[in-house]
Amino acid sequence: MAGGNLTRTGCDWQVDLGKVKKLKKRDKYMKTWHDHGYDSAFSGENVNGQREEHCIWDPTRIHIVGFALGHTAKARRCGYSVTKQRGKEVLVRHTDEASLTESIEDAGCAVM
């Protein structure tokens, strides 16, 4: 991801949860749910910490489909197309995945 003012970034995700284990407090599967045929686990508020949590075992089930960035002019220079959605949020998708690194470097943006 490009650096500078683009570091304030939110992501839109597409996740295939597969078979989900819903965890309870003191659940015996809290750390081993993936060993019992589950692809992901869900723990509600105050089950495994203060907030609800979703865990996905296989990272190939997770895909980033877009970004919300604060500095849209710099994003455009780095090769992204920008459209407004949901009020002031800006969804950003790269226009040509094949030249992503090249266009980011040409625009003077850092590649992480």
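No hydrogens, no waters, no symmetry mates; every other heavy atom, side chains included, goes into these values.
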How far apart are the closest heavy atoms of Trp33 and Tyr38, and which atoms are they?
O-CD1, 3.3 Å
What pairs of donor and acceptor atoms, side-chain ones from residues 17-29 against any protein atom, are under 3.5 angstrom apart with sequence neighbours left out?
unit_1: Lys25; atom_1: NZ; unit_2: Asn46; atom_2: O; d: 3.0
unit_1: Asp27; atom_1: OD1; unit_2: Tyr29; atom_2: N; d: 2.9
unit_1: Asp27; atom_1: OD2; unit_2: Lys24; atom_2: N; d: 3.2

With a 3.5 Å cut-off and sequence neighbours excluded, list the donor-acceptor pairs that the side chains of residues 53-65 form with protein atoms.
unit_1: Asp58; atom_1: OD1; unit_2: Thr60; atom_2: N; d: 3.0
unit_1: Asp58; atom_1: OD1; unit_2: Thr60; atom_2: OG1; d: 2.8
unit_1: Asp58; atom_1: OD2; unit_2: Thr60; atom_2: OG1; d: 2.9
unit_1: Arg61; atom_1: NH1; unit_2: Asp16; atom_2: O; d: 3.2
unit_1: Arg61; atom_1: NH1; unit_2: Asp16; atom_2: OD1; d: 3.2
unit_1: Arg61; atom_1: NH1; unit_2: Asp16; atom_2: OD2; d: 2.9
unit_1: Arg61; atom_1: NH2; unit_2: Asp39; atom_2: OD1; d: 3.4
unit_1: Arg61; atom_1: NH2; unit_2: Asp39; atom_2: OD2; d: 3.4
unit_1: His63; atom_1: NE2; unit_2: Thr60; atom_2: O; d: 3.2

